[in-house]
Amino acid sequence: MYEVVGVRFKRAGKIYYFDPAEHRVEKDQHVIVETARGVEYGKVVIGPRKVDEKDVVLPLKKVIRVAGEEDARIVEENRKAARDAFAVGLQKIKDHGLKMKLVDVEYTFDRNKIIFYFTAEGRVDFRELVRDLAGVFRTRIELRQIGVRDEAKMLGGIGPCGRILCCASWLGDFEPVSIKMAKDQNLSLNPAKISGLCGRLMCCLKFEHDNYESKKEEMPAVGKLVVTSLGEGKVVGINAADGTVHVQLFELGEVKELPLEDVVVK
């Protein structure tokens, strides 16, 4: 077992485990940690706990220290500098005539690197652009191509449901979403109605899918012969959300929507 704390670097970002070492770290504190990108500033979202070896990536990197006011000031300065770098990046992309869309710019905490996030339809040869930006900022430059789902997560917005995008507010990881999930939930297959701002299938189809699957296990399959209070019939459809069954009644010669508790498989 390893003692760890869970640290998040961005709102709704992935949670990474770190070794608190000799530091007394508590939930909601900010900490300075060593990462693969360099020294970073993050927020503790999971307090000290013991986890099994299979749940961590070894070797565990350590918490350098609990962050103070000076560290918070550096983070704010980095954010302001990133906004200025964004404007420079836009102009340089235009000067080089590259078909790419700049989405965000980020400084690492120690200013050892500037990361430019962009989207593009295909591969982009940005070697000249990197050299140009390195000449301006005099530090390491990384251009990272991201997908449209990551773009929506960074930019945020309001979804079709009227709420802030799940990916931007709380969803840490993207999971595969398929059209079958929409079919299983009896949703319209109109792309405009089941797609998010990113143009991909809405993430909520995935995390609601498990509820539908567990509910469907309790319901009779389509084609089963059943007995109801209105007589015998055959299941021609189910509505997992409402917990109802569509039954073709033999005696009445019509389809009735009945509650699950009124339907018994023969």
Side-chain angles (χ1 to χ4, degrees), residues 6 8 10-15 17 27 45-47 49 51-52 54-55 119 146-266:
R8 180 176 273 162
K10 294 181 180 180
R11 183 182 180 186
K14 288 183 66 174
I15 298 174
Y17 285 143
K27 186 180 177 183
V45 294
I46 299 177
R49 65 171 58 178
V51 298
D52 195 79
K54 63 181 177 61
D55 295 323
T119 58
I146 61 175
V148 290
R149 297 176 86 188
D150 293 297
E151 179 185 10
K153 185 180 185 71
M154 287 184 172
L155 298 180
I158 304 296
C161 59
R163 298 174 64 90
I164 296 174
L165 296 180
C166 294
C167 60
S169 57
W170 65 270
L171 192 61
D173 290 315
F174 290 115
E175 295 189 40
V177 184
S178 68
I179 195 69
K180 180 179 181 298
M181 296 177 183
K183 292 180 179 178
D184 289 344
Q185 295 172 39
N186 294 324
L187 297 176
S188 166
L189 299 185
N190 181 346
K193 294 185 177 181
I194 57 176
S195 299
L197 295 188
C198 60
R200 300 290 190 266
L201 292 172
M202 292 188 293
C203 293
C204 56
L205 295 178
K206 169 60 180 176
F207 54 77
E208 291 180 359
H209 182 66
D210 293 341
N211 292 333
Y212 278 87
E213 286 295 292
S214 60
K215 189 68 176 178
K216 284 173 62 178
E217 291 178 0
E218 304 171 4
M219 308 185 79
V222 173
K224 286 286 187 181
L225 297 179
V226 294
V227 177
T228 75
S229 59
L230 299 178
E232 296 185 357
K234 182 173 73 173
V235 177
V236 294
I238 59 175
N239 188 330
D242 295 336
T244 56
V245 182
H246 296 267
V247 179
Q248 174 74 50
L249 296 168
F250 298 143
E251 292 185 10
L252 297 180
E254 58 184 55
V255 175
K256 289 287 187 179
E257 184 175 6
L258 302 172
L260 177 60
E261 56 269 21
D262 191 23
V263 179
V264 180
V265 177
K266 291 184 67 175

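Counting heavy atoms from C-beta on, the side chains of Val235 and Val265 never come closer than 4.5 Å. The shortest distance between side-chain heavy atoms of Val247 and Val255 does not fall below 4.5 Å. Considering only heavy atoms from C-beta on, His209 stays 4.5 Å or farther from Ser178 through its side chain. In this structure the side chain of Cys203 never reaches within 4.5 angstrom of the side chain of Glu175, judged on heavy atoms. Residues Ile15 and Arg8 have side chains in contact (heavy-atom distance under 4.5 Å, counting atoms from C-beta outward). Contact annotation: the side chain of Asp173 approaches that of Lys14 to within less than 4.5 Å [non-hydrogen atoms, C-beta and beyond]. A heavy-atom distance below 4.5 Å is found between the side chains of Val148 and Arg200. For the pair Met202 and Leu187, the minimum side-chain heavy-atom distance is 4.5 Å or more.
Taken from CD in Glu261 to OG1 in Thr244, the straight-line distance is 10.0 Å, to the nearest 0.5 Å. Here NZ of Lys153 is found 10.0 Å from CG of Leu165. Values are rounded to the nearest 0.5 Å. Between the OH atom in Tyr17 and the CD1 atom in Ile46 there is a gap of 4.5 Å [rounded to 0.5 Å]. Between Ile179 atom CD1 and Ile194 atom CD1 the span is 3.5 Å, to the nearest 0.5 Å. Between the CG atom in Leu171 and the CZ atom in Arg149 there is a gap of 8.0 Å [rounded to 0.5 Å]. The CG atom of Leu197 sits 10.5 Å away from the CD atom of Glu151 when rounded to the nearest 0.5 Å.
Minimum interatomic distance between Leu205 and Met181 (heavy atoms only, all atoms of both residues): O-SD, 3.9 Å. Closest approach of Cys198 to Ala152, counting heavy atoms only: CB-CB, 4.0 Å. Taking both residues in full, the closest heavy atoms of Ser188 and Lys193 are given as OG-CD, 4.0 Å, listed atom of the first, atom of the second, then distance. Across all non-hydrogen atoms, the minimal contact from Phe174 to Asp150 is CE1-OD1, 3.5 Å. The two residues Ala12 and Ser169 come nearest to each other via the heavy atoms CB-C, 3.7 Å.
When atom types are taken as modelled, the side chain of Asn186 and the backbone of Asn239 share no donor-acceptor pair closer than 3.5 angstrom. A donor-acceptor contact shorter than 3.5 Å is absent between the side chain of Glu232 and the backbone of Phe250. The closest donor-acceptor contact from the side chain of Lys234 to the backbone of Gln248 lies at 3.5 Å or more, if one exists at all.
Applying the 6.0 Å contact sphere to CD of Glu251 captures no more than 12 heavy atoms from other residues, nucleotides or ligands. More than 12 heavy-atom neighbours from other residues, nucleotides or ligands sit within 6.0 angstrom of NZ on Lys10.
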Side-chain donor-acceptor pairs under 3.5 Å in residues 213-226, sequence neighbours left out?
unit_1	atom_1	unit_2	atom_2	d
Ser214	OG	Asp210	O	3.3
Ser214	OG	Asn211	O	2.9

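Partners of Phe207 under the ring pair (Phe, Tyr, Trp, His ring centres under 6.0 Å) rule, at least two apart in sequence or in another chain, are Trp170.
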